2 protein chains.
Amino acid sequence: MRVTDVEIVRALPLFSGMQKAHFETLIAAGYVQRFPHKVALLHEGEKPNFLHVLVEGSIEFSSESRGRETTLSFLKPPGAFILAAVILDQLYLKSARTAEASMVVLIPAEAVRDVFDRDPAFARAVVAELAVRYRGIVKDLKNQRLRTSLERLANWILAHDEECGRLGSFTIPIEKRALAHLLGMRPENLSRSFAELADIGVEVRGPIIKINDRAALAELAKPDPLIDDPRI
Amino acid sequence: MRVTDVEIVRALPLFSGMQKAHFETLIAAGYVQRFPHKVALLHEGEKPNFLHVLVEGSIEFSSESRGRETTLSFLKPPGAFILAAVILDQLYLKSARTAEASMVVLIPAEAVRDVFDRDPAFARAVVAELAVRYRGIVKDLKNQRLRTSLERLANWILAHDEECGRLGSFTIPIEKRALAHLLGMRPENLSRSFAELADIGVEVRGPIIKINDRAALAELAKPDPLIDDPRI
DNA sequence: CGTGCCATTGACCATTATCAAACGACGTGG
DNA sequence: CCACGTCGTTTGATAATGGTCAATGGCACG
């Protein structure tokens, strides 16, 4: 493993507070792997053997049932995933695949549980991570239950613009079909929703989105901090 | 606080492993409160001052936005709630109200965070609790995204019958309107869905549900362990 | 008895999915 | 360099799903 990769992992809140020796145990047991675009890292229903840490690239999490599929989230580096399943040693509930060429650090689940039992600082960091994730998914469920797909799209545009520095214009970081699945809708529907938003000043040219009338968009979206604010 | 109440709390996985002294600190700082039916314990957006432990009764968790409301879950005793918000000292994302007359143990959030930092066993129990809750909500989101309301109802009936001992018949433990909101639908729609299920042998008389043809119901529901099995 | 609340039913509308076709960008092979 | 296929996107038509509004019936409680 390259020194810089180790440093990226060490800098994660999840690992930064733990004892040096314990961290080195984990790193020694782990290894780095690179994956091309669209490679399945694991399928729902499998028992995970490794805690995954995304160092570079991005990961898409999805789930499937009765022939239907949905995207639950995307992860950008740096960040750990499959934490809950690893800690509980239970089946993974989602499938994960690379959304672009990615680099992942794999740490044996056994080692993670081991250190978790011996390093209080690590245990606390795991708690913080899980609590944040838990809250994130509560927001996702609220978003899904309390909003129409058009409203979810409008809020996603506002939130993503915010994330990009509130420039009023940005490039969609994923394919539109992937965005549709993330928002819990079909690609056809996303197209039509974009068309509707054109009426209130949202310009879409290919992957580029421009907000011409933020007030109008916000009026439609009615963003709610308890759903949309990532800091809360 | 009555001794039996203290024992109920101590028996919870969340508290059973921690040091006696720490537990007694928490209990000394906390107190018991009884609430009648339909009392709001807290509103989304508030900063929680107490970790709540439900000893008796039941609690409904809901959320509201743009004038729409939805029920996210119910909790039966014994169980703790508002854990993630207490640990992170952040705003609560849901509202909680009693779904029947209930008894709740309130433990100051400050004390919880304090002990959490000093008692590794407690920290580990918090992790386990959060991980289980996290997985529960992932299942809820999958349930919502991958199924129609009729399918959610069919699976709820199967799961609840299972929980009641697979007797093929049970009484709905909550009002139908509450069940509708829990399943992410309107009461009117729930009525119609029950009517549809009558065609495949689901008898509904008032709050009593009888499954006459489990195979047919399962054929419609297509239960998925990664969504419906509470042990996974 | 009223009165109020829940459940049900009907009519209608909004939202979303499905199926099909056409379009357009892009890369490959002739 | 162009023809062609592939794949993502868009558009249209239609159907399924779910929500809204209104009216009615039943039941509990005062």
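Letters go in sequence order (proteins before strands), and every chain restarts at 1. All heavy atoms count here, side chains included; hydrogens, waters and symmetry mates do not. Nothing here was measured: the structure is a model prediction, and the numbers come from that model.
Rounded to an integer number of Å, the gap from B:Leu183 CG to D:dG19 P is 11 Å. Between B:Leu150 atom CG and D:dG19 atom P the separation is 13 Å, expressed in whole Å. The nearest whole Å value for the distance from the CE atom in A:Met185 to the P atom in D:dG18 is 17 Å.
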Would A:Val55 and A:Val104 count as a side chain to side chain contact (heavy atoms under 4.5 Å, CB included) if you check the C-alpha gap in whole Å, the side-chain angles of each, and the deciding distance to 0.1 Å? CA-CA 6 Å; A:Val55 171; A:Val104 176; over 6 Å; no
Candidate pair B:Asp5 and B:Arg2, rule side chain to side chain contact (heavy atoms under 4.5 Å, CB included), full reasoning: CA-CA 5 Å; B:Asp5 299 338; B:Arg2 296 180 313 190; 3.0 Å; yes
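Contact footprint of chain B on DNA chain C: nucleotides with an atom under 4.0 Å from a non-hydrogen protein atom, first to last in 5' to 3' order, C:dC6 to C:dA11.
B:Ser58 is linked by a side chain to side chain donor-acceptor pair (under 3.5 Å) to B:Glu100, counting only residues two or more places apart in sequence or in another chain.
If you take NE2 on A:His43 and CG on A:Leu91, they are separated by 14.5 Å, rounding to the nearest 0.5 Å. Rounded to the nearest 0.5 Å, atoms CG (B:Leu182) and CD (B:Glu175) are 13.0 Å apart.
Pairs engaging residues 64-83 of chain A under the ring-ring contact (aromatic ring centres under 6.0 Å, His included) rule: A:His52-A:Phe81, A:Phe61-A:Phe81 [sequence neighbours left out]. Sorted by first then second residue, the side-chain hydrogen bond (donor to acceptor under 3.5 Å, both in side chains) pairs that include residues 147-167 of chain B, not counting sequence neighbours, are A:Arg66-B:Glu151, A:Arg68-B:Glu151, B:Asn143-B:Arg147, B:Arg147-B:Asp228, B:Asp161-B:Arg214, B:Glu162-B:Arg166.
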In B/S/- notation (B base, S sugar-phosphate only, - none; protein heavy atoms under 4.0 Å), nucleotides 25-30 of chain D written 5' to 3' is ------
Each nucleotide in nucleotides 7-13 of chain D should get exactly one letter: B, S or -. Can you fill that in based on protein heavy atoms under 4.0 Å? -SSBBBB
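If you check the side chains of A:Asn49 and A:Lys47, you find no donor sitting under 3.5 Å from an acceptor. Between B:Ser63 and B:Lys94, the side chains place no donor N or O within less than 3.5 Å of an acceptor N or O (distance only, hydrogens not considered).
Evaluated for a side-chain contact (heavy atoms from CB on, under 4.5 Å) with A:Ser62, the options A:Glu44, A:His181, A:Arg97 yield exactly one hit, A:Arg97.
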